[in-house]
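Here the structure comes first, spelled out in C-alpha cells, and everything after it is commentary.
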Amino acid sequence: MALTGIQIYKLLPKTNCKECGYPTCMAFAMKLAAGQEDLSKCPYASDEAKEKLSAAAKPPMRAVTIVTNDHQLTTGAELVMYRHQKKFFNPAPLMVRVKDTASADDLNETVEEVGNYSVDRVGMTFTLDGFAVQNDSGDASTFASCVESVKSKTDMPLTLIATDPNSMSAALEKVGDSRPLIYAATKDNIDQMGQLAKKYSCPMVVKSSDGLDELAELSEKASGAGVEDIILDPGDRDLHNSLVSFTQVRRLALRKFEPFGYPIISFPGEGASSVEEEVNLAAQHIAKYANVIVMDSFSPAIAYNLLTLRLNVYTDPQAPIQLQSGIYQVGSPDEKSPLCITTNYALSYFAISGEVEATGRPSWILVVDTEGLSVLTAWSAGKFDADGIAAHIKQFDAADKVNHNSLILPGGVAILKGETEENLPDWKILVGPREAPGIGGYFRQNAQIWEG
Amino acid sequence: MLDSIKFKLEVVVPEVEIPKEKWTGRVREVKIGGKGRKEVVVGGATAMPFLDFEGEIPNPPRVAVEVRDDPSGFPPGLLSSWGDDVVNDVGSWAKKAAELGAEIITLRLTSAHPEGQNTGVEEAKSAVDKVLSAVDLPLMVIGPEIADKDNEILVPIADLAEGQRIVLGNCVENNYKTIAAACIAANHIAIAKTPLDINLAKQLNVQVSDIGVPLESILMDADMGALGYGIEYAISIDERLKLAALMGDSVTAVPIINHPGPETWRQKEAKVSEGVPESWGGYDERALYWEELSATSIIHSGADVVTLCHPKAVEYIKSMIAKLMGQ
Ligand code: B12
Ligand code: SF4
C-alpha cells in the first residue's frame with residue numbers, strides 16, 4: 001500500500017534545508033507520495049525512510065516468468081481482489097498435465113492435440129499455455145526422457161512435477177536454456193529443490209501440506225535462500241477450501257505479507273470427482289485468484305469455455321475490446337456487395353462479420369465508433385444514432401464503395417430507420433435481422449438488391 | 001551433484017494472521033413459497049460468497065429451473081434433453097424439473113409475447129395453474145418483458161396465487177407500479193430488474209419499496225450476459241452490489257437473482273450444432289459447459305438465486321453449491 005504524504009513527511013529530517021529542490025520537507029513528501037520524485041534527492045534521508053519507501057513502492061505480488069526458447073509466460077503481479085477495482089493483469093496460464101507413465105502414443109497425441117489447439121474469438125487467437133509433465137513413474141530416467149520427448153515436440157512452457165529431487169535434476173538437464181516451473185518444494189525436499197531452482201534459474205512452487213503457516217515458512221525459506229521466482233500452492237483442493245485459502249493468500253499478498261507476495265498455482269482435477277467438477281473448479285480458479293492452472297482434462301469444448309471465461313474476467317473494466325471505426329471488408333467485396341452497419345464493440349462486429357463470412361457473399365461492414373458499446377447498449381446511451389450513422393457514411397465515403405446505396409441496419413435498432421433515411425436521402429435504409437445468424441436468410445431473401 | 005549444501009539462512013517466519021473483513025451489513029432473508037407450498041429462504045449472508053470464515057452464509061444459492069409455455073424459443077438441443085412430451089406441457093416440465101432437483105420453478109410466459117403467439121390472460125392463468133398443481137415448489141413467474149403485456153397478465157396471476165409468495169417479474173425503471181401493487185395486494189415477491197448499473201439497481205429498489213413492497217419481498221436482478229456475451233459486467237455488478245450490502249447499504253441488501261440458463265441458450269455457442277469452428281468442440285459438451293460456467297461465475301460473484309435450463313446443469317451446479325457450502 002502506498003504511503004501518504006503525511007506518512008512520508010514523518011520519515012524525513014523535517015529541517016527544510018531545501019537541498020532536494022523543494023522549499024520544505026512537506027512539499028517534497030507530497031511529490032514523493034504522488035510518485036513524481038525520488039527519495040535519493042534528499043541527502044539526509046535515513047535508512048529507515050529508504051527502507052519504508054522502497055517497501056511501499058514494491059508491488060504486492062511478484063510477476064513470475066516461465067521461459068522457453070520462444071515464449072515468455074508471465075503470471076502474477078495482480079493488484080486487486082475484485083476486477084472492478086482496477087483490472088486483472090496477467091491471464092492465468094492454462095496448462096495440461098501429462099504423465100511419464102503414459103504410453104508414447106498417448107503422450108504424443110495429447111501433446112499434439114493440446115499444442116495445436118487454438119480458437120478465434122473477437123478477432124484474437126487463443127491457445128493453451130503449456131504442459132505440466134509429471135514424474136508418476138517415480139523413476140528419474142523415465143521422467144527425464146519423458147520431459148525430453150515433450151520438449152522435442154513443443155516449445156510451449158513447461159511445469160515439471162516431481163517429488164524426488166533426483167528426478168527433477170535429471171529432467172532439468174534435458175531442457176536446455178528454457179526455464180520451466182519446478183513443482184514442488186515441500187518441507188521434505190525444499191533444500192534440494194531450492195538448489196535446483198537456483199542452479200537452473202527456474203521459478204519454483206512451494207507447496208504446503210499443512211495450511212498457510214507451513215506455506216509461509218516454505219516461502220520464506222525459499223526466498224531466504226535466494227530463490228526469487230516463487231509460486232504458491234496452498235495445498236487445498238476442493239471447491240470450498242480452495243476458494244477460502246486462495247482468497248486469504250491473495251488478500252494477504254495485497255496487504256504486503258511478504259511470504260505470500262507471489263502467484264498461486266492450482267490443480268482443479270485433484271479436487272474434483274468428475275470432469276464437470278474439474279471444469280467448475282477451474283472456472284472458480286480463473287475468477288478467484290489462481291495465477292497458473294494445471295488441468296487434467298482437455299477437450300476443445302473445455303478449452304474454448306475456459307479460455308472465453310479467462311478473456312472475460314481479465315478484460316479491462318474501463319475499456320471494452322473494440323475496433324477502430326471504418327469500412328471493413330469480408331472477402332473481396334465490390335460495388336454490388338451488401339453494406340452492413342454495426343458498432344465498434346468487438347463482440348458485435350465479430351458476431352455479424354462471422355455470419356456474413358459464412359454466407360459466402362463478400363460484403364462491406366461499416367463500423368461506427370460507439371466507444372466499444374454493443375448495438376442496443378450504444379443505442380440506449382445515445383451513441384448509435386441516425387446522425388452518427390450518417391456521419392460515418394460520409395466520413396468513410398461509403399457511397400463510393402457501393403452502387404446500390406442501401407445500408408443494412410441491425411434488427412435491434414429498426415427504430416433508427418426513419419430518422420436515418422431523413423439524414424441520408426440518397427440511401428435506402430434496410431432493416432436486417434435482430435440476431436446475426438439471421439443474416440444468411442436475409443441475404444437470400446433480398447438477393448435481388450445486390451444482384452439486380 | 002545433489003550433495004546437500006543446506007540453506008544457511010535461519011528463517012524467521014512472520015506468523016500468518018488471517019485478515020477478516022469486518023462487515024457491518026447483512027443481506028435480507030427473503031422467504032419464497034408457503035401457504036401449502038414448500039418454502040425456501042434466500043439471502044441472509046454476512047460475508048462474500050462462501051467465505052464462511054468471516055461471516056455467516058445461512059442459505060445456499062438456490063437453483064430455479066425455467067419452463068416455458070411456448071418452448072419454441074429454446075434450441076432443439078436443449079428441448080431434447082427434457083423430451084418432447086415434457087416440454088409441450090408446462091405441468092409435466094415443472095414436475096420433471098422438481099424430480100431433478102429444482103428448488104424453485106421459473107415459469108416464463110413466452111406465449112404471451114406480442115411478436116409470438118400473443119396469448120392473453122386466460123392462457124397465462126392456465127399455465128400458472130398447471131405448474132401450481134403439478135408441483136409444490138415455490139414459483140417464479142416472468143412475463144414476456146414487454147411492459148404493457150407484463151402488466152396485463154401478471155396482475156391476474158398475482159391474485160390466482162394469493163399468499164403463496166410467488167416471485168413476480170419484472171419491475172423495471174418505467175414500469176414497476178402495477179406489478180409492485182399486485183405484489184403488495186397478494187403478498188408476493190417482486191423482481192426489480194435494471195440494466196447492469198449499480199445506481200439504477202439501488203434507485204429501483206428504493207422506488208419499489210417506496211410504494212409499499214417491503215425490502216423483505218424484493219429480489220434484485222441487475223441483469224447479465226452469458227459467458228462470452230458480457231458476463232464480466234455481471235460479475236462486477238454482482239460483486240459491487242454484494243459488497244455495498246455488506247458495507248451496510250440497506251437498500252442494496254436484498255438477495256440477487258440472475259438467469260444464467262436462459263441467457264446462455266440464446267447464444268450461438270449453445271444454439272448451433274453445425275457449421276461452427278471445430279475448435280468450439282462437440283455441441284452437447286460445449287453448450288452444457290457454457291451454461292455451467294455462466295452459472296458458476298455468477299454464483300461466485302454473489303447471486304442468491306440462479307435460473308438454469310439444462311437438466312445436467314441443474315445436477316452439476318447443485319452439487320457444486322453443496323460443496324461450496326462445505327457439505
Ligand atoms: C453487457 C451490457 C452492458 C454493458 C456494456 C457492454 C458493451 N460493451 O456494450 C454495460 C454494463 C456498460 C451496459 C450499460 C448500459 N446498458 Co446494457 N446491456 C448489456 C447486456 C447484458 C449485453 C449486451 C451485449 O453485449 N450483447 C452482445 C452483443 C454482441 O450484442 P449486439 O451488439 O446487439 O449484437 C447482436 C445483434 O445486434 C446482431 N448484430 C450486431 N451488429 C449487427 C449488424 C447487422 C447488420 C445485423 C443484421 C445484426 C447485427 O448480432 C449480435 C449477436 O446476434 C444487455 C442485455 C442482454 N442480456 O443482452 C444490456 C442492454 C443492451 N443494456 C441496456 C441498457 C438500457 C443500458 C444502459 C443505458 C443502462 C443505463 N441507463 O445505464 C447502459 C448504457 C451505457 C452507458 N451509459 O454508457 C438495455 C437496452 C434496452 C433497449 N435498447 O431496449 C439492455 C438490452 C438491457 C435491458 N434488457 O434493458 N450494458
Ligand atoms: S533535502 Fe531532505 S531535509 Fe532538506 S528539505 Fe528536502 S526533504 Fe527536507
Open item on the list: Please classify the contact of A/Y314 with chain B as side chain, backbone, both or neither, using a heavy-atom distance under 4.5 Å.
Closed with: neither

Open item on the list: Which atoms of A/E276 are under 4.5 Å from chain B, going by heavy atoms: the side chain, the backbone, both sets, or neither?
Closed with: both

Task: Geometric class of the B/W280/A/Y304 ring pair [parallel <30°, tilted 30-60°, perpendicular >60°] - done: parallel

TODO: Determine the sole option in B/M320, B/K323, B/H300 for which the side chain to side chain contact (heavy atoms under 4.5 Å, CB included) test with A/N280 is passed.
DONE: B/M320

Open item on the list: Could you measure the distance from the CD atom of B/E15 to the CZ atom of A/F257? Nearest 0.5 Å is fine.
Closed with: 9.0 Å

TODO: Identify which of A/Q85, A/Q248, A/E435 forms the greatest number of heavy-atom pairs closer than 4.5 Å to chain B.
DONE: A/Q248

Task: N-O pairing of B/K318 and A/E277 below 4.0 Å - done: no

Open item on the list: Does atom NZ (A/K87) have a neighbourhood of more than 12 heavy atoms from anything else shown, all under 6.0 Å?
Closed with: yes

TODO: Please confirm whether the backbone N or O of B/P19 pairs with a side-chain atom of A/R251, one donor and one acceptor, at under 3.5 Å?
DONE: yes

Open item on the list: With chain B as the partner, which of A/L212, A/T315, A/V313, A/L252 has the greatest number of non-hydrogen pairs under 4.5 Å?
Closed with: A/L252

- [ ] Against chain B, label A/P317 side chain, backbone, both or neither, depending on which of its atoms sit under 4.5 Å from a heavy atom there.
- [x] neither

- [ ] Output the distance between atom CD (B/E17) and atom CG (A/D213), rounded to the nearest 0.5 Å.
- [x] 10.5 Å

Task: B/P195, part contacting chain A, at a heavy-atom distance under 4.5 Å - done: neither

- [ ] Taking the side chain as every heavy atom from C-beta outward, state whether A/Y82 and B/I235 have any atom pair closer than 4.5 Å.
- [x] no

- [ ] Verify, without hydrogens or angle tests, whether A/R121 (side chain) and B/G228 (backbone) share a donor-acceptor contact under 3.5 angstrom.
- [x] yes

Task: Straight-line distance of A/L306 CG to B/L293 CG, nearest 0.5 Å - done: 6.0 Å

- [ ] Tell me, for B/Y283 versus chain A, whether the close heavy atoms (under 4.5 Å) come from the side chain, the backbone, both or neither.
- [x] neither

- [ ] Go through the atoms of A/L309 and report whether side chain, backbone, both or neither lie under 4.5 Å from a heavy atom of chain B.
- [x] both

- [ ] Report the option among B/L196, B/L243, B/V272 that has the most heavy-atom pairs separated by less than 4.5 Å from atoms of chain A.
- [x] B/L243

Task: Salt bridge present between A/K288 and B/E239 (N-O < 4.0 angstrom) - done: yes

Task: Donor-acceptor pair between B/E285 and A/S299 side chains, under 3.5 angstrom - done: yes

TODO: Please round to the nearest 0.5 Å and tell me the distance separating atom CZ of B/F50 and atom OG1 of A/T247.
DONE: 11.5 Å

Open item on the list: Atom CD of residue position B/Q203 - does it have more than 12 heavy atoms of other residues, nucleotides or ligands inside 6.0 Å?
Closed with: yes

- [ ] Identify which part of A/T377 has an atom lying under 4.5 Å from any heavy atom of chain B, answering side chain, backbone, both or neither.
- [x] neither

- [ ] Hey, could you give me the CD/OG1 distance between B/E269 and A/T308, rounded to the nearest 0.5 Å?
- [x] 6.5 Å

Open item on the list: Using a 3.5 Å distance criterion without hydrogens, assess whether the side chain of A/N305 forms a donor-acceptor pair with backbone atoms of B/W290.
Closed with: yes

Open item on the list: Under 6.0 Å from the ring centre and within 45 degrees of the ring axis: does the NZ or CZ of A/R83 meet both conditions for the six-membered ring of B/Y233?
Closed with: no

Open item on the list: Taking side chain as everything from C-beta outward and backbone as N, CA, C, O, which of these in B/E278 sits under 4.5 Å from a heavy atom of chain A? Side chain, backbone, both or neither.
Closed with: backbone

- [ ] Please say whether more than 12 non-hydrogen atoms of neighbouring residues, nucleotides or ligands are located less than 6.0 Å from NZ in B/K268.
- [x] yes

Task: Enclosure of A/E357 CD (heavy-atom neighbours >12, cutoff 6.0 Å) - done: no

Task: Side chain to side chain, A/H240 and B/D52, heavy atoms closer than 4.5 Å - done: yes

Task: Contacting moiety of A/A216, where chain B heavy atoms sit under 4.5 Å - done: both

Task: Contact origin within A/E214 toward chain B - heavy atom pairs under 4.5 Å - done: neither

Task: Nearest-0.5 Å distance that lies between atom CG in A/N116 and atom OG in B/S279 - done: 12.0 Å

- [ ] Find out whether A/Q284 and B/L324 are in side-chain contact, i.e. whether some heavy atom of one side chain is under 4.5 Å from a heavy atom of the other.
- [x] yes

